[in-house]
Amino acid sequence: MGESPAIQTENLTKIYAGSGRLTHFAAFRKIPGGLIAPPRPPVHALEGLDLRVERGEIFGFLGPNGAGKTTMIRLLLDLIRPTRGKAAVLGLDAQRDAVALHRRVGFLPSELSLWRNQRADRILRYVASVRGDVPTLLAEANRLAERLALDTTRKVRTYSSGNRRKLGLVIAMMHKPELLILDEPSSGLDPLMQQTFYQLLREARAEGRTVFLSSHILSEVQTICDRVGILRDGILRAVESVEALTHVEFRRIRIRAREEIPAGCLENVAGVSEVRLQGRTAELQLHGDFDPLLRALSNFYIEDVRQHDPSLEEIFLAYYGDGSAVEQ
Amino acid sequence: MIGAIFRGCLQGNARATVYWTLAISFFGFYAVAIAPDYEGVRQYATLLESFGPISTLLGVSAEVLSSSSGFVTFIYLDYSFLYYSFFAVIAAISISAGEEEHGILDWQLSLPVPRIRFLWERTFAFLVIFAIVSFVSGAVTWFSSFLNANVSLDFWTILSASLNFLPTLMLVFAVTLWISVVVRRRNAAIMLAGFFVVASYFLNGLGDLVGGDAGAFLRGISYFHHYQRGSVLIDGLNPANMLSIAAVAALCLALASLAFQRRDIGI
Ligand SMILES: Nc1ncnc2c1ncn2[C@@H]1O[C@H](COP(=O)(O)OP(=O)(O)OP(=O)(O)O)[C@@H](O)[C@H]1O
Ligand SMILES: [Mg+2]
């Protein structure tokens with residue numbers, strides 16, 4: 001069992017049923033006032049996902065809104081059931097062995113709601129008593145709360161959204177789970193707390209535990225993850241180590257000169273590609289050092305140089321050359 | 001750990017328990033202490049009955065109202081029970097569709113507890129809460145009978161009346177649970193379960209009004225009829241009746257569990 005991967009999915013597919021079974025009947029469609037909504041087609045939220053996450057790594061699950069990240073996480077936790085395929089977590093079947101699995105997994109939902117009128121420490125005590133060993137669990141919870149600077153004697157209702165998130169983290173981590181499943185964990189945390197949080201994750205990894213987190217922030221994933229999976233439109237586009245990705249790092253540059261930049265003058269400059277000229281402005285991609293580009297432009301009066309970090313898509317386009325991996 | 005969800009549910013609803021005990025006790029107190037003039041009540045009831053249908057519809061009859069225990073039956077056990085039914089509806093919604101809609105179920109069901117046990121421990125917690133509310137309200141009613149020389153209530157009678165509440169409350173609870181597990185939406189579930197309660201209430205009265213076989217049928221499909229309001233004060237508990245109501249409640253709970261076990265959580 002020690003050798004089984006932290007997460008392994010096979011052809012994992014989730015199709016949410018569309019709405020509007022009633023609207024198949026013409027008679028219902030005539031009901032005025034929008035009482036019966038028009039039918040929604042089924043949503044293919046996840047398509048044939050094959051993923052393997054090893055033990056002891058921090059795995060980032062990256063994708064834009066609606067990519068299917070939350071769907072994947074809810075499947076792993078048996079909150080929803082797959083249309084096809086299966087998932088094994090820590091060597092256990094996610095559906096059949098859900099209870100045994102939940103003992104060893106910690107979960108932070110992306111939108112955490114708690115009982116608003118309860119004090120945080122009451123909620124922690126409740127979770128501890130459901131999980132079992134109350135004194136040990138509460139001791140760890142208090143330790144975590146202290147590190148996250150969370151006052152647990154207040155009611156949830158009085159918490160800011162960041163504090164609520166911290167409470168969710170404490171709930172997810174208090175039993176030192178072998179696998180942490182975190183859905184957009186750092187959203188709402190200020191930069192200082194983010195650092196503390198990253199530190200907690202690294203400590204978990206040092207203890208041989210596994211972290212699976214979803215995010216749509218590239219920089220976050222780059223900071224803490226060992227590997228990244230890219231999900232878009234329910235399809236896993238790529239899985240790469242962060243190291244390999246940062247290796248292809250490049251910048252997108254936008255230059256504005258006082259006079260027109262002639263075509264061809266930026267061709268064959270080392271590290272420059274994808275040049276687009278438009279009168280006095282040039283947009284390009286730059287790999288490696290700045291120097292060759294600056295030398296090539298030394299004859300021009302440069303008014304402005306802007307650099308922006310490439311989007312994830314751009315990095316992956318670059319990484320996979322013609323983008324075949326990205327465009328299916 | 002077994003029992004943790006049960007205890008959590010009891011603690012989380014401590015305040016609600018107090019409020020509902022106060023509300024239900026008020027009916028008993030009101031019935032016993034505030035309306036003592038049975039001669040006046042009888043005249044009023046006779047007057048109502050001269051209108052025929054309306055009085056029958058509400059289940060009022062001069063005969064029932066003109067004895068102290070009949071009066072208590074009518075006010076406390078009948079009226080409070082309608083309110084009480086809504087308590088059961090709210091309770092069942094709060095632990096299922098309510099929490100689901102608020103996203104609380106998401107992290108609760110990521111705890112190492114089978115879904116069915118989750119539902120059952122909370123159902124059991126509410127059985128205990130209903131028992132507490134019933135017995136305390138019954139005790140308040142009994143104590144208030146000392147305030148009024150016209151009323152004589154036997155302690156055991158009021159105790160059995162409180163016991164008689166429980167199976168039917170669990171039935172309303174289980175039906176609501178089933179509805180809310182199936183329809184998921186909190187408001188829709190409240191609407192349907194509320195309809196179930198109110199329709200049952202009126203069907204029972206309507207059955208009295210219509211009479212004959214049709215009336216018996218109408219009463220037969222209303223849980224208010226099977227609850228046997230008041231007859232418990234006259235004839236005592238009817239264990240067979242209580243057990244069969246409890247059995248139907250258990251069946252609804254089983255159906256709710258089955259639906260809950262199978263489906264996706266979340267909206
Ligand atoms: N219960 C549902 N019924 C129908 N469609 C759903 C349901 N839940 C999610 N979807 C759809 O499935 C797709 C994937 O949603 P999901 O929540 O998994 O995305 P996500 O990657 O977590 O996005 P985000 O970054 O916004 O959280 C979306 O198109 C969404 O609209
Ligand atoms: Mg999401």
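Every chain is numbered from 1, with letters handed out A, B, ... down the list of sequences. Because the structure is a prediction, the values reported are computed rather than measured.
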A.B. asks: Rounded at 0.5 Å granularity, tell me how far CZ in B:R263 sits from CZ in A:R81.
C.D. replies: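 It comes to 10.0 Å.
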A.B. asks: Just how far is it from atom CG of A:L114 to atom CD of B:E99, taken to the nearest 0.5 Å?
C.D. replies: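 Reported to 0.5 Å precision, the distance equals 10.5 Å.
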A.B. asks: More than 12 heavy atoms of other residues, nucleotides or ligands under 6.0 Å from CD of A:Q95: is that the case?
C.D. replies: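 It does: A:Q95 CD has more than 12 such atoms within range.
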A.B. asks: Among A:I80, A:V127, A:N117, which residue has the highest count of heavy-atom pairs closer than 4.5 Å to chain B?
C.D. replies: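 Highest number of heavy-atom pairs under 4.5 Å: A:I80.
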A.B. asks: Flag the one option from B:D264, B:L111, B:L105 with the top tally of heavy-atom pairs under 4.5 Å to chain A.
C.D. replies: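 Among the listed options, the one with the most contacts to chain A is B:D264.
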A.B. asks: Is the side chain of A:H102 donor-acceptor paired with the backbone N or O of B:L109 at a distance under 3.5 Å, no angle test?
C.D. replies: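 Flag set: sc A:H102 to bb B:L109 pair under 3.5 Å.
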A.B. asks: Minimum heavy-atom separation for A:W115 to B:I104, with atom names?
C.D. replies: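 Closest approach of A:W115 to B:I104, heavy atoms only: CD1-CD1, 3.7 Å.
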A.B. asks: Quick one: pull up CG in A:D78 and OG in B:S110 and give me the separation to the nearest 0.5 Å.
C.D. replies: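 With rounding to 0.5 Å, CG (A:D78) is 11.5 Å from OG (B:S110).
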A.B. asks: Please find the pair of heavy atoms, one from B:G12 and one from A:Q118, that lie closest to each other, and give the distance.
C.D. replies: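 Looking at all heavy atoms of both residues, the closest pair is CA-NE2, 3.6 Å.
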A.B. asks: Which atoms of A:L101 are under 4.5 Å from chain B, going by heavy atoms: the side chain, the backbone, both sets, or neither?
C.D. replies: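 Interface part for A:L101: neither.
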A.B. asks: Are there more than 12 heavy atoms of other residues, nucleotides or ligands under 6.0 Å from atom CZ of B:F86?
C.D. replies: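 Above 12, so yes.
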A.B. asks: Could you measure the distance from the CD1 atom of A:I171 to the CH2 atom of B:W107? Nearest 0.5 Å is fine.
C.D. replies: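 Nearest 0.5 Å value for the CD1-CH2 distance: 5.0 Å.
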A.B. asks: For A:Y159, does the OH atom sit with more than 12 other heavy atoms under 6.0 Å from it, leaving out its own atoms?
C.D. replies: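 Yes - once you tally the heavy atoms of other residues, nucleotides and ligands closer than 6.0 Å, there are more than 12.
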A.B. asks: Go through the atoms of A:I123 and report whether side chain, backbone, both or neither lie under 4.5 Å from a heavy atom of chain B.
C.D. replies: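 Interface part for A:I123: side chain.
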A.B. asks: Quick one: pull up CZ in B:R7 and CZ in A:R125 and give me the separation to the nearest 0.5 Å.
C.D. replies: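 Result: 10.5 Å between the selected atoms.
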A.B. asks: Distance check, rounded to the nearest 0.5 Å: B:E100 atom CD versus A:S113 atom OG?
C.D. replies: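 B:E100 CD to A:S113 OG: 11.5 Å, rounded to 0.5 Å.
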A.B. asks: Considering all heavy atoms of both residues, which atom of B:I5 and which atom of A:V130 are nearest to each other, and what is their separation?
C.D. replies: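 So the minimum-distance heavy-atom pair works out to CG1-CG2, 4.0 Å.
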A.B. asks: State whether the number of non-hydrogen atoms from other residues, nucleotides or ligands found under 6.0 Å of B:W178 atom CH2 is greater than 12.
C.D. replies: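 Counting other residues, nucleotides and ligands, CH2 of B:W178 stays at 12 neighbours or fewer.
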A.B. asks: Is it the case that over 12 heavy atoms from other parts of the model lie below 6.0 angstrom from the CZ atom of A:R205?
C.D. replies: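 It does: A:R205 CZ has more than 12 such atoms within range.
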A.B. asks: Is the shortest distance from a Lys or Arg side-chain nitrogen in A:R74 or B:D106 to a carboxylate oxygen in the other one below 4.0 Å?
C.D. replies: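 Looking at B:D106 together with A:R74, the answer is yes, because their closest N to O distance falls below 4.0 Å.
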